[in-house]
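Every heavy atom of this structure was used, including side-chain atoms; hydrogens, water molecules and symmetry mates were not.
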Amino acid sequence: MSIAKTYNPKEAEEKWYSYWMENGFFRSTPDEREPYTIVMPPPNVTGVLHMGHMLNNTIQDVLIRRARMQGKNACWVPGTDHASIATEAKVVAMLKEQGIDKKSITREEFLKYAWEWKEKYGGIILKQLEKLGASCDWDRTKFTMDPDLSEAVIDTFIKFYKEGYIYRGVRMVNWDPQGKTALSDEEVIRKEVNQKLYYIRYQIKDSDEYVTIATTRPETIMADTAICINPNDTRYSHLQGRTALVPLINREIPIITDEYVEMEFGTGCLKVTPAHDLNDYELGQKHNLEVIDILDDDGTLNEKAQILVGEDRFIARKKVAKMLEEAGQIDKIEDYKSQVGFSERTDAAIEPKLSMQWFCKMDQLAKPALEYVEDGTIKLIPEKFFASYKHWMENVKDWCISRQLWWGQRIPAWYNDRNEWVVAKTEAEAVAEFESLGKSTNGIRQEDDVLDTWFSSGLWPMSVFDGVRHPDNAEFNYYYPTNDLVTAPEILFFWVARMIIMGHDYTQKPPFRNVYLTGIVRDKLGRKMSKSLGNSPDPIELMEQYGTDGVRVGMLLSSPAGNDLMFDVSYCEQGRNFANKIWNAFRLVKGWETVDQPATDAQKTAATWFENRFNQAVADIDEHFANYRLSDALMSTYKLIWDDFCAWYLELVKPAYQAPIETETLETVKTFFEKVLALAHPFMPFLTEELWHDELFGAREKGDCAIVATYPITQPFDEQIIKEFEVVQQVISEVRSIRNTKGISPKVALPLAINATVIDFKKYQESIIKLANIAELTFVSEKVHGAVSFLAGKDECYVALESNIDVAAEKERITKEIAYLKGFLASVEKKLSNERFVQNAKPEIVQNEQNKKADAEAKIAILEESLRSLG
RNA sequence: GGAGAAUUAGCUCAGCUGGUUCAGAGCAUCUGCCUUACAAGCAGAGGGUCACUGGUUCGAAUCCAGUAUUCUCCACCA
């Protein structure tokens, strides 16, 4: 029976994914085996698969599949994140398209829309992961707003509150005027922006004098409550204690002094606007200044501004500047570059805003989380991220955890009509709490505050096993701490640090042992792949085009941990080609007729070599996995299969055209084939499963699948055998090379004579004849004259050509080689004659140099002899 | 403004605590092959002052210092 000439991934992919699913191979329940657990970083519920997910989840799948094959109880928990602000923004936009304003509907109505939307569009990404071959335990799929997970979030809030980590207060926060919510520091992205620096004159009261200040934000002058100068600044000493007038509105403000003001910057005078700048706020606190907040939640000016009420801050900026100019109160305007914060999600310019919010105290919580990484309990891979992790942990500020949104877990705080409040899980408990405090419960209500998404995702490794609500449950105890976390470095602080903090606070254990930080997927030009740039290929299309296995291989081929991946479709092509190579190797074996015979000696020799080489490769691969060097592990697998298995082993045992193969050898080949399929399975699950079930291997028992095949275990191997065969390979290559350079067709069989003094070539006689196409192989003990010669190791080989050899060319070639060896020898001798080297270097190094010397001398002697014999 | 990282073949990257894994791999390139598993292939070949300048050392791609270029993270100076 013949099979297709090229591998057709599509069919295999559909067939085997549903087969795995139906037979429960992805499912995990606690048992006596060692668990191996990964919780998937939950993609946003609104997300669609992009190249970053592709990389991330391929890595996780490779790890989980390998662990499963190693006999561990592998559990990969998938899920999605409600992504509070990002999702709410999308729902708001959707409603807007339908002509519905968020303000016009109630919270309950909005949430109804949001849930509908989530049901409709949410989780597309999980479906897409199936195409990738992700072997998640889908029965465990979680969503961060599932009732049990939400309850865990509320419980945690209350616990942290009781432990004193959570407090409520008025602080300067990052305000997103578009999302109309507070943000944490981590959600603010700073970008350099070209701005104008306006030099504005403030008149001194009862005088014709002016003081000039420099600001980038003239629209905030109406909120000024002081002018500040450095007390040491003699230029302005005469102004101390005077009063200035805010331009346009002529409000009186004091002139104060503080060393905070840099004399060199601008004019050395600072306008103090406590409501709209963090530093000014602190200055205001210090000097007891009034706080005038002239901005509404949406970034428009309110009535306190007195002028331009209702205008957006950026329009107001221009208008104020114009009005000042007309009033002659602008000295000059300079171009100026400065850092401005933008909302990570809405990209709106952040407004520092004084606001009542909930905060989580971080300093104490952060300490054990830092220790875990410091003492190696948790390993960051690659380690280079430790420095910034440490820096963040040591400088972490309190975390603003409340968001003025609807989509998320509502903060369990209850207020009465006097705005007194208690923290309680239910209204009933709140009532009881109020009463026990002797406070009114009139008008009891909750505010429209929800918790930061990262507060809930921080619990993810615990909450997916219900470990927050029921820490004693068997599943949690079995699977937690999880093993590996695979995620992007961007969210090291957002997410990883907080999981460690929360995990420790609950369990006194780390939530995972290893954090594998993947790189960013970039295009060939080094640009980050993004939708807006349009430089990202559609992963689904890629999989259609190159096959899922091909794309998986392509992704991994050049992505060492933590390094960015310069993605190019040619990698997928390489992956596809590799899949095809395996497919065709299989076709070869499948096509053989058999004869009931034992293996020949040559076949046995080949099998011995390959077995040792295989074990060597397994050892390599194991080591690469231990170091999380997946691309190296893949490359070792790739070379083992392509070069050693296909190009050498199969060629060695391959019977002549239409000749049958010995049954014993076929069995050996099949055994090896299964082993290499097992090695390749984590990388190429579909192809390997497809071949695994081919009738070539006979009928498989139920459950005998590549997905649960035994992953090869490191076995001892004989390096000598491998090295010896390398010399044999060298002989074969040299003969081929001679053909190539002399323009002799590969079909022409050549005679070969070997003066074997080191290697037992007799053992490989047949192999050499076969692969180098040798007409006659003789063993000689003396130099063969008139033949092309070459050295394989230290044994000389001769190929007698029919035509006379080109003596001049041979001489030149040999002379060149001698020259090279002599140069090499000279450098070795120089070393050895250096007393300080002999004295200082380790004995084995010196011995090595001596070996090199003897080696080179022996080779030179042989070559010089050859040269002489050429006349 | 601070911190970290990178710079090795045309491209993407290995190269651990200095010395036979020391100048490597894959891809690409070139030459020859439609050899009956595979042209998505086979065989062979070429290709690098290890960014630059110094230093340490018997010995440096490897350690140190400086320079250049690039990247990332962190940081509230109007």
Side-chain angles (χ1 to χ4, degrees), chain A residues 3 5-7 172 174 185 190 197 213-217 228 260-262 264-273 277-282 336 338-339 341 352 382 384-392 395 489-490 492-493 520 524 526 546 550 557-560 562-568 570-571 573-574 576-592 627 629 631-632 635-636 638-639 646-647 650-651 654 657-658 732-734 736-741 743-747 773 830-831 834-842 844-846 848-849 851-852 855:
Chain A
I3 57 174
K5 202 168 170 180
T6 51
Y7 169 54
M172 198 57 114
N174 306 298
D185 294 343
R190 295 195 179 272
L197 190 60
I213 59 93
T215 180
T216 55
R217 303 202 57 189
C228 190
Y260 164 76
V261 178
E262 297 278 343
E264 290 76 31
F265 188 89
T267 61
C269 294
L270 175 71
K271 78 186 198 64
V272 186
T273 320
D277 184 278
L278 180 59
N279 294 302
D280 289 12
Y281 175 68
E282 280 164 8
Y336 185 70
S338 71
Q339 300 282 325
K384 66 176 176 186
F385 288 104
F386 175 65
S388 55
Y389 179 81
K390 184 178 159 87
H391 183 263
W392 190 80
N395 296 282
E490 293 116 271
L492 188 57
F493 311 129
I520 296 166
K524 272 219 115 167
Y546 297 102
L557 268 176
S558 87
S559 70
N563 274 11
D564 290 357
L565 164 62
M566 301 291 171
F567 182 81
D568 188 89
S570 67
Y571 290 120
E573 216 174 290
Q574 195 181 348
R576 178 201 61 181
N577 294 354
F578 183 40
N580 200 45
K581 182 71 188 177
I582 298 174
W583 178 260
N584 275 293
F586 190 82
R587 277 181 72 211
L588 170 69
V589 175
K590 194 172 160 66
W592 286 337
N627 295 316
R629 305 186 61 143
S631 54
D632 290 335
M635 190 41 77
S636 294
Y638 179 95
K639 286 197 273 196
C646 295
L650 288 182
E651 291 296 338
K654 182 171 156 182
Y657 179 49
Q658 287 193 337
I732 295 165
S733 285
E734 286 282 1
R736 286 169 173 172
S737 178
I738 287 169
R739 261 201 201 85
N740 224 304
T741 49
I744 302 167
S745 159
K747 287 174 189 157
N773 192 15
K830 193 180 156 200
K831 254 190 209 177
N834 182 338
E835 267 179 47
R836 288 197 283 179
F837 169 70
V838 180
Q839 277 166 15
N840 295 331
K842 280 183 250 165
E844 60 264 34
I845 303 281
V846 177
N848 223 320
E849 292 298 313
N851 294 347
K852 274 156 79 176
D855 228 70

Rounded off to whole Å, could you give me the NZ-to-C1' distance for the A/Lys852 and B/G19 pair? 7 Å
Considering only the P atoms, how many Å lie between B/G44 and B/G26, rounded to the nearest integer? 12 Å
B/C74 and B/A60: how far apart are their C1' atoms, nearest whole angstrom? 34 Å
Looking only at heavy atoms, what is the nearest atom pair of A/Pro352 and A/Leu278, with distance? CB-N, 4.4 Å
Using a 4.0 Å heavy-atom cut-off across all strands, classify A/Val261 as base, sugar-phosphate, or nothing. base
B/A39, OP1 or OP2 - any side-chain N/O from A/Lys5 closer than 4.0 Å? yes
With a 3.5 Å distance limit and no angle check, can you tell me whether A/Thr741 reaches the backbone of A/Ser737 through a side-chain donor-acceptor pair? yes
Using the C1' atom as the point on both nucleotides, what is the distance between B/A14 and B/C30, in whole Å? 25 Å
What is the distance from CG of A/Asn840 to P of B/G19, rounded to the nearest Å? 16 Å
Among the nucleotides B/G15, B/A37, B/A25, whichever has the atom closest to the side chain of A/Asn584 is B/A37
A/Asn584 (side chain) donor-acceptor with A/Asn580 (main chain) under 3.5 angstrom: yes
Nearest 0.5 Å, what's the OG1-CG distance between A/Thr215 and A/Asp277? 9.0 Å
Side chain of A/Asn834 - closest among B/U20, B/C58, B/C73: B/C58
Partner of B/A9 under the Watson-Crick or G-U wobble criteria, both distances under 3.5 Å, comes out as none
Result for 5'-nearest mapping on RNA chain B, choosing between A/Tyr638 and A/Val838, is A/Tyr638
To the nearest 0.5 Å, tell me how far A/Leu557 CG sits from A/Gln574 CD. 5.0 Å
With the side chain of A/Phe837 defined as its heavy atoms from C-beta on, choose the nearest nucleotide among B/C77, B/C73, B/C58. B/C58
Hey, does A/Tyr571 reach any base, or is it just sugar-phosphate, or nothing, if we go heavy atoms under 4.0 Å? sugar-phosphate
In whole Å, what is the span from the NZ atom of A/Lys831 to the C1' atom of B/G59? 7 Å
Regarding A/Gln339, tell me which of base, sugar-phosphate or nothing describes its non-hydrogen contacts under 4.0 Å with the strands shown. base
Find the distance between CD1 (A/Ile520) and CZ (A/Phe567) and round it off to the nearest 0.5 Å. 16.0 Å
Rounding to the closest angstrom, what is the interatomic distance between B/U62 and B/G55 at atom P? 14 Å
Side-chain contact check for A/Lys747: nearest option of B/G19, B/A37, B/U35 is B/U35
How far, in whole Å, is B/C16 from B/A61 if one measures between their C1' atoms? 14 Å
Which nucleotide, in any strand shown, forms a Watson-Crick or G-U wobble pair with B/G59, with both distances under 3.5 Å? none
In whole angstrom, give me the gap between the P atoms of B/A28 and B/C71. 29 Å
Scan every strand shown for a Watson-Crick or G-U wobble partner of B/U21, both distances under 3.5 Å, and answer none if you come up empty. none
Encode nucleotides 41-51 of chain B as B, S and - characters from 5' to 3', where the letter depends on protein heavy atoms closer than 4.0 Å: B to the base, S only to sugar-phosphate, - to neither. SSBS-------
Closest to the A/His391 side chain: B/C74, B/A78, B/G19? B/C74
Given B/C38, B/G19, B/A25, identify the nucleotide with an atom nearest to the side chain of A/Lys639. B/A25
Just label B/U20 as syn or anti from its O4'-C1'-N9-C4 or O4'-C1'-N1-C2 angle, using within 90° of 0 for syn. syn
Nearest of B/U20, B/C74, B/G26 to any side-chain atom of A/Gln574? B/G26
So what does A/Glu264 touch, heavy atoms closer than 4.0 Å: a base, only the sugar-phosphate, or nothing? nothing
d(CG, A/Leu278; P, B/A78) in whole Å: 12 Å
From OH of A/Tyr7 over to C1' of B/C38, roughly how many Å is that when rounded to an integer? 16 Å
Which part of the nucleic acid does A/Cys269 contact within heavy-atom distance under 4.0 Å: base, sugar-phosphate only, or nothing? nothing
Using the C1' atom in both, what is the distance from B/C27 to B/A9, to the nearest Å? 12 Å
Between B/A40, B/A78, B/A37, which nucleotide has the shortest distance from any of its atoms to the side chain of A/Thr6? B/A40
Classify the nucleic acid contact of A/Glu262 as base, sugar-phosphate or nothing, counting any heavy atom under 4.0 Å across all strands shown. base
Parallel, tilted or perpendicular: which fits the ring planes of A/Trp583 and A/Tyr7, with parallel below 30° and perpendicular above 60°? tilted
OG on A/Ser570 to CG on A/Asn577, rounded to 0.5 Å: 10.5 Å
Counting any heavy atom closer than 4.0 Å, what does A/Tyr336 reach on the DNA or RNA strands: base, sugar-phosphate only, or nothing? sugar-phosphate
Atom CD of A/Gln339 with >12 non-hydrogen neighbours under 6.0 angstrom: yes
Could you grab the distance from atom NE2 of A/His391 to atom OG of A/Ser388, nearest 0.5 Å is fine? 9.5 Å
Could you please name the partner base of B/U72, counting Watson-Crick and G-U wobble pairs only when both distances are under 3.5 Å? B/A3
Pick one for B/U29: is it syn, with its angle within 90° of 0, or anti? anti
Could you work out which one of B/G15, B/A37, B/U20 sits closest to the side chain of A/Arg629? B/G15
For B/U35, the Watson-Crick or wobble partner whose two distances fall under 3.5 Å: none
If we call it a pair only when both distances are under 3.5 Å in a Watson-Crick or G-U wobble match, what pairs with B/A45? B/U29
Select base, sugar-phosphate, or nothing to describe what A/Lys271 touches, counting heavy atoms under 4.0 Å on all strands. nothing
From A/Asn174 atom CG to A/Asp185 atom CG, the distance as rounded to the nearest 0.5 Å: 5.0 Å
Which sits closer to the 5' end of RNA chain B, A/Arg836 or A/Arg587, going by the nucleotide each is nearest to? A/Arg587
Does any nucleotide pair with B/C52 by Watson-Crick or G-U wobble geometry, both distances under 3.5 Å, and what is it? B/G66
Would you name the heavy atoms of A/Phe837 and A/Glu849 that are closest together and state the gap between them? CZ-CG, 3.7 Å
Can you tell me how far P in B/C64 sits from the matching atom in B/U70, rounded to whole Å? 24 Å
Value in whole Å for how far the P atom of B/A37 lies from NZ of A/Lys590: 15 Å
Which part of the nucleic acid does A/Arg190 contact within heavy-atom distance under 4.0 Å: base, sugar-phosphate only, or nothing? sugar-phosphate
Nearest to the side chain of A/Arg576, which nucleotide is it out of B/A39, B/C73, B/A40? B/A40
Grab the CG-C1' distance between A/Asn851 and B/U21 for me, whole Å please. 16 Å
Atom NZ of A/Lys384 to atom P of B/U7: distance rounded to whole Å? 10 Å
